[in-house]
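Taking it in order: structure first as structure tokens, then the write-up.
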Amino acid sequence: MPRLRQVPRAEASPEALKAYDRLFGDRDPVVEPGTATGTPGNWWTVFALVPDVLVHAQDGFALLNSRRRALTPCQRELALVRTGFAAGSQFVFSQHCKAARAAGVPEEKLAAIPAWGVSPVFDAADRAILAYTDELVLQDGRVQDATFAALREVLSDEAILELIYAVATYRMHATICRALRLEYDDVDERIIEVPAPGQGGAAFDVMGQIQR
């Protein structure tokens, strides 16, 4: 379950109600969750807690998808699928796989994104975008000069600014979804101690067991 309260239809602001109507029809999404893409839909019901934050987020989605963009939809979605994977967000990754298909990204490229560095399906432009995305997400923006030089070979300055804005935006959403356990990021911590069998002293002296 999300870590914050969800806003039922009866308490929703006019801004939230517009989103609810678009995504859930006349259902109360807290009582009857579920969207057309199969997600619970609780990103919307939690963001509805602060209506102007919900509006700001939706405006950001529209901005990135505007026809005014220099970055192509395929380039954007290639980067955003990788952003979801690299940031460890099942929700961002899963949703943008669907968006990437709609944008025309071939299935063989989608399947190869998790291990893109060893895949032959990506051309030089794809690889420059993916490398830049990895350094934005995994190196916290410490982009190497060689990576940036490769990117400038394939994208205009305008497209590069749009790319970094898109990746940084969805890295933020990946962080929020994991932190609040929204949608497909409602998962238990998987890095936990696995108990040793038995109760003997040797079972607890791990360092003693591995030393010669």
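Note that the coordinates shown come from a computational prediction; the quantities given were computed from them, not determined experimentally.
The backbone N or O of P195 sits nowhere less than 3.5 Å from a side-chain atom of E193 that would complete a donor-acceptor pair. In this structure a side-chain-to-backbone donor-acceptor pair under 3.5 Å is present from R3 to A179. E162 places no side-chain N or O within 3.5 Å of a backbone atom of L64 that could act as its donor or acceptor partner. Remark: the backbone N or O of L163 is not paired with any side-chain donor or acceptor of R76 at under 3.5 angstrom. In this structure, D185 contributes its side chain and Q90 its backbone to a donor-acceptor pair below 3.5 Å. Side-chain atoms of Q139 never come within 3.5 Å of backbone atoms of D134 as a donor-acceptor pair (strictly under, hydrogens ignored). The backbone N or O of F85 sits nowhere less than 3.5 Å from a side-chain atom of S89 that would complete a donor-acceptor pair. Not a single donor-acceptor pair under 3.5 Å links the side chain of R171 to the backbone N or O of D140. Of the possible donor and acceptor atoms, none in the side chain of E11 sits under 3.5 Å from a partner among the backbone N and O of P8. Judged by distance alone, the side chain of T169 and the main-chain N or O of Y165 form a donor-acceptor pair under 3.5 Å.
Ion pairing between a basic and an acidic side chain is recognised when a charged N comes within 4.0 Å of a carboxylate O; D126 and R82 show no such pairing. Using a 4.0 Å cut-off between charged nitrogen and carboxylate oxygen, D26 and R9 do not count as a salt-bridge pair. Between E158 and R68, no side-chain nitrogen of the basic residue sits less than 4.0 Å from a carboxylate oxygen of the acidic one, so the salt-bridge criterion is not met.
Scanning all heavy atoms of the two residues, the minimum distance from E189 to I192 falls at O-CG2, 3.7 Å. Heavy atoms only, all atoms of each residue included: P40 and E183 are closest at CD-OE1, 3.0 Å. Here the closest heavy-atom approach between residue Y20 and residue T45 is recorded as OH-CA, 3.4 Å. For the pair G104 and C74, the tightest heavy-atom approach, listed with the atom from each and the gap, is C-SG, 3.8 Å. In this structure, I129 and A79 approach most closely via the heavy-atom pair CG2-CB, 3.9 Å. Heavy atoms only, all atoms of each residue included: S119 and A112 are closest at OG-CB, 3.4 Å.
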Test salt bridge (charged side-chain N to carboxylate O under 4.0 Å, His left out) applied to K98 and E77, step by step: CA-CA 9 Å; K98 298 170 181 63; E77 292 304 325; over 6 Å; no
CA sep, side-chain torsions, deciding dist, call: T37, Q95, side chain to side chain donor-acceptor pair (under 3.5 Å): CA-CA 8 Å; T37 60; Q95 292 299 87; 3.3 Å; yes
Full working for side-chain contact (heavy atoms from CB on, under 4.5 Å) between D157 and R152: CA-CA 7 Å; D157 284 7; R152 294 198 80 168; 2.6 Å; yes
Please lay out, stage by stage, how E135 and R142 fare under the test side-chain contact (heavy atoms from CB on, under 4.5 Å). CA-CA 6 Å; E135 292 181 18; R142 291 183 60 242; over 6 Å; no
Full working for side chain to side chain donor-acceptor pair (under 3.5 Å) between R181 and N42: CA-CA 9 Å; R181 297 186 66 152; N42 55 44; over 6 Å; no
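Atoms OG1 and OH, on T83 and Y170 in that order, are 10.0 Å from each other to the nearest 0.5 Å. Rounding to the nearest 0.5 Å gives a distance of 12.0 Å between CG of L130 and OG1 of T147.
F148 and V137 fall within a single hydrophobic cluster, where Ile, Leu, Val, Met, Phe, Trp and Tyr side chains are chained together by heavy-atom contacts under 4.5 Å. A single hydrophobic cluster is seen to contain both V105 and V81, as judged by linkage of ILVMFWY side chains at heavy-atom distances under 4.5 Å, directly or through other members. W44 and L4 fall within the same hydrophobic cluster, where Ile, Leu, Val, Met, Phe, Trp and Tyr residues are linked whenever their side-chain heavy atoms come under 4.5 Å apart, directly or through other members. When hydrophobic clusters are built by joining Ile, Leu, Val, Met, Phe, Trp and Tyr residues whose side-chain heavy atoms come closer than 4.5 Å, directly or via intermediates, L155 is grouped together with L161. Note on V46: it clusters hydrophobically with L54, by side-chain heavy-atom contacts below 4.5 Å among ILVMFWY residues.
Contact of the L110 side chain with the C97 side chain is registered, since non-hydrogen atoms from C-beta on lie closer than 4.5 Å. Side-chain atoms of F91 and L182, non-hydrogen and from C-beta on, never get closer than 4.5 Å to each other. Taking the side chain as every heavy atom from C-beta outward, V187 and R178 never approach each other to under 4.5 Å. Counting heavy atoms from C-beta on, the side chains of V7 and V30 never come closer than 4.5 Å. Residues L136 and V143 form a side-chain contact, since some pair of their non-hydrogen atoms from C-beta on lies under 4.5 Å apart. At a threshold of 4.5 Å between non-hydrogen side-chain atoms, the residues V92 and Y184 do not count as touching. Counting heavy atoms from C-beta on, the side chains of K18 and D21 never come closer than 4.5 Å.
Classification of the W43-F61 ring pair by plane angle, with boundaries at 30° and 60°, yields tilted. A tilted orientation is assigned to the rings of H173 and F47, their planes being inclined by 30° to 60°. By the 30° and 60° cut-offs, the orientation of the rings of W116 relative to F122 is perpendicular.
Residue D123 places its CG atom among more than 12 non-hydrogen atoms of other residues, nucleotides or ligands, all under 6.0 Å distant.
There is a side-chain donor-acceptor pair under 3.5 Å between R22 and Q58.
For E15, the side chain to side chain donor-acceptor pair (under 3.5 Å) test picks out S13, with sequence neighbours left out.
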